[in-house]
Amino acid sequence: MDEKKIVTDSGIEINTVYDKSVPVPEAPGQFPFTRGIQPDMYRGKLWTMRQYAGFSTAEASNQRYHYLLSQGTTGLSVAFDLPTQIGYDSDHELSDGEVGKAGVAIDSIKDMEILFQGISLEGITTSMTINSTASILLAFYIALAKKQGADLKKISGTIQNDLLKEYAARGTYIYPPKPSMRIITDIFEYCSKEVPKWNTISISGYHIREAGATAAQELAFTLANGKAYVKAAQEKGLDIDVFGKRLSFFFNAHNNLFQEAAKFRAARRMWAGIMKELGAKDPRAMMLRFHTQTGGSTLTAQQPLNNVVRVTLQALSAVLGGTQSLHTNGYDEALSLPTEEAARIALRTQQIIAHESGAVDTVDPLAGSYFVEAMTSEMEQKAWEYIHKIDAMGGAVAAVESGYMQQEISRASYDYQRSIESGERIIVGVNKYGVEEPPFDKLFTVDDSIRQVQMEKIRQLKDERDPAKAAACIKRVEETAAEGGNLMPVIIDAVEHYATLGEISDAMRRVFGEYR
């Protein structure tokens with residue numbers, strides 16, 4: 001009788017049994033860090049429980065942040081609305097219908113002040129999921145820290161600042177790839193001197209996976225993008241052992257518990273080798289530090305409470321894989337922004353894993369498993385095959401410009417959807433075990449009147465600011481973009497003189513153009 005063949009989405013065939021002795025990798029905290037970047041991992045310090053939140057106005061989001069902090073969140077993670085992400089103020093005609101919907105609307109430093117009202121920037125780490133306008137949002141944050149009297153050498157957090165994956169998978173780009181790479185390395189250079197504890201990029205596989213990539217593609221394309229950023233920084237004359245310590249990564253966690261844990265272990269091993277090959281000598285510059293978010297695309301609108309189980313499995317895979325911080329999705333996010341109840345259950349999922357599961361009691365508890373060690377090596381091999389192809393094309397920028405990454409992701413996405421529709425892949429409650437259920441009515445909604453609120457704030461800001469000073473600052477941004485100096489100091493100066501996000505973005509649009 002033919003034995004049933006089981007293959008993961010990455011094309012890795014799963015044996016019926018694994019009984020071949022596999023050498024256990026190096027000790028945790030030692031190169032190439034397969035088993036974790038710290039010798040004691042969670043026995044020393046738990047991961048940061050960083051719940052992603054942002055909606056409506058800065059006032060509304062500030063209330064949610066205070067709620068999450070009161071419930072035990074240990075780091076903030078800010079979601080921005082689409083106009084903020086692509087450099088339009090709330091009063092721009094293209095912002096109509098989108099203000100405050102996918103995240104919080106931030107038009108000026110005034111909004112940033114409200115967003116963090118009652119929160120000390122020196123006392124919290126903040127992650128901002130922002131890319132094309134990362135330089136401006138970071139400038140708002142730095143300007144606010146200065147207003148609070150914070151020591152810039154002590155403030156810490158992360159900006160995503162990863163444009164290559166935007167071209168490949170997500171689409172919130174503004175400028176063409178080359179000027180985008182220039183802005184990214186300007187941020188590296190500025191922060192290494194002025195804000196040394198800030199993670200200047202979160203090289204993101206999350207959105208690559210959300211677009212339909214396999215686990216192996218997520219791993220390969222993310223590390224290939226990372227290589228491109230490192231090389232761009234080196235070409236600018238930056239020291240890999242300095243900026244390398246401030247690079248971070250952002251991965252997705254899906255439902256295949258063992259594949260996902262193996263992916264995280266393989267990622268550390270591969271990145272350590274890549275950084276060593278590129279010239280890093282400090283072990284801390286070779287360590288892959290990463291944030292994980294559970295898989296938004298795995299959540300189902302049907303039987304939404306089943307998503308609590310999915311999120312638990314995904315979060316557990318991230319913990320078993322050695323993540324440094326984690327966001328768990330709300331069970332209702334296939335339908336709307338998470339309600340307060342769903343956000344609380346998502347956070348409690350992390351806390352139960354941390355305090356009740358035993359998963360944190362020993363470092364890398366899956367090490368030495370015949371299956372997991374074999375899967376780690378298989379994931380690594382699949383990812384290297386992609387990276388070698390990308391290197392042969394001239395690197396990640398060339399692979400994006402040629403459409404190679406986009407085509408591979410599209411093909412994988414099609415194959416995945418076809419397997420669901422054929423019934424080959426079972427999604428519980430969707431193509432099997434369905435039930436008649438009443439409409440889910442606990443939806444969180446954002447009112448369209450938010451745009452009027454934001455437009456009034458912008459009008460008031462422009463009435464109260466010194467127009468000549470604001471105009472001069474915006475002009476300096478445009479001149480610096482054209483002349484080639486570091487953009488960060490002039491952007492910070494502009495936001496401190498109440499220039500808006502849209503005005504600063506437009507100054508750079510006039511020089512760099514827009515990517516089509």
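The figures that follow rest on heavy atoms only: side chains count, while hydrogens, waters and symmetry mates do not.
Taking 4.0 Å as the cut-off between side-chain N and carboxylate O, Glu514 and Arg509 count as a salt-bridged pair. No salt bridge links Asp40 with Lys45; every basic N to acidic carboxylate O contact stays at or beyond 4.0 Å. Salt-bridge check for Glu260 with Arg209: passed, with a basic side-chain N closer than 4.0 Å to an acidic carboxylate O. Residues Asp96 and Arg451 are paired through a salt bridge, judged by an N-O separation under 4.0 Å between the basic side chain and the carboxylate. Note on Arg425 versus Asp9: no salt bridge recorded, every NZ/NE/NH1/NH2 to OD/OE distance being 4.0 Å or above.
There is a side-chain donor-acceptor pair under 3.5 Å between Gln51 and Gln350. Side-chain N/O atoms of Ser127 and Thr158 include no donor and acceptor closer than 3.5 Å. Looking only at atom types and distance, the side chain of Ser95 has no donor-acceptor partner in the side chain of His92 under 3.5 Å away. A side-chain donor-acceptor contact under 3.5 Å links Thr376 and Arg265. With 3.5 Å as the limit, one finds no donor-acceptor pair spanning the side chains of Arg310 and Thr294. A donor atom on one side chain and an acceptor atom on the other are not found under 3.5 Å apart for Tyr42 and Asp361. For the residue pair Arg35 and Gln30, no side-chain donor N or O sits within less than 3.5 Å of a side-chain acceptor on the partner. Checking Gln293 against Asn329 by side-chain atom types alone, a donor-acceptor pair falls below 3.5 Å. Between the side chains of Ser202 and Gln160, not a single donor N or O lies within less than 3.5 Å of an accepting N or O. Side-chain atoms of Asp162 and Ser204 include no donor-acceptor pair closer than 3.5 Å. For the 3.5 Å distance criterion, the side chains of Asn252 and Glu218 fail to qualify, holding no donor opposite an acceptor. No side-chain donor-acceptor contact under 3.5 Å links Thr339 and Arg344.
For the pair Phe80/Leu137, a side-chain contact is recorded, criterion being any heavy-atom separation below 4.5 Å from C-beta on.
Take Trp198 and apply the side-chain hydrogen bond (donor to acceptor under 3.5 Å, both in side chains) test, not counting sequence neighbours, and it matches no residue. The salt bridge (Lys or Arg N to Asp or Glu O under 4.0 Å) check on Arg170 picks up Glu166, with sequence neighbours excluded. Partners of Thr8 according to the side-chain hydrogen bond (donor to acceptor under 3.5 Å, both in side chains) rule, which considers only residues two or more places apart in sequence or in another chain, are Gln259.
The environment of CZ in Phe444 is crowded: more than 12 heavy-atom neighbours from other residues, nucleotides or ligands sit within 6.0 Å. For Glu277, the CD atom sits in a loose shell: 12 or fewer heavy atoms of surrounding residues, nucleotides or ligands are nearer than 6.0 Å.
Leu501 contributes atom CG, which lies 4.5 Å from atom OG of Ser505 (distance to the nearest 0.5 angstrom).
Within the cation-pi definition used here (under 6.0 Å to the ring centroid, within 45° of the axis), Lys101 does not qualify as a partner of Phe55.
Aromatic ring centres of His291 and Phe251 lie farther apart than the 6.0 Å criterion allows. Aromatic rings of Tyr167 and Tyr515 (six-membered ring for Trp) have centroids within the 6.0 Å cut-off, being under it. For Phe249 and Trp271, the ring centers are positioned less than 6.0 Å apart.
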- Message: Run Ile86 and Ser132 through side chain to side chain contact (heavy atoms under 4.5 Å, CB included) and show every step you take.
- Response: CA-CA 6 Å; Ile86 53 177; Ser132 295; 5.5 Å; no
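Here the closest non-hydrogen pair linking Ala343 and Arg64 is CB-NH1, 4.1 Å. Taking each heavy atom of Ile390 and Ala399 in turn, the nearest pair found is CG2-CB, 4.0 Å.
Note on ring orientation: taking the six-membered ring where Trp is involved, the planes of Phe371 and Tyr18 are tilted (angle from 30° to 60°). Note on ring orientation: taking the six-membered ring where Trp is involved, the planes of Tyr404 and Phe221 are perpendicular (angle over 60°, cut-offs 30° and 60°).
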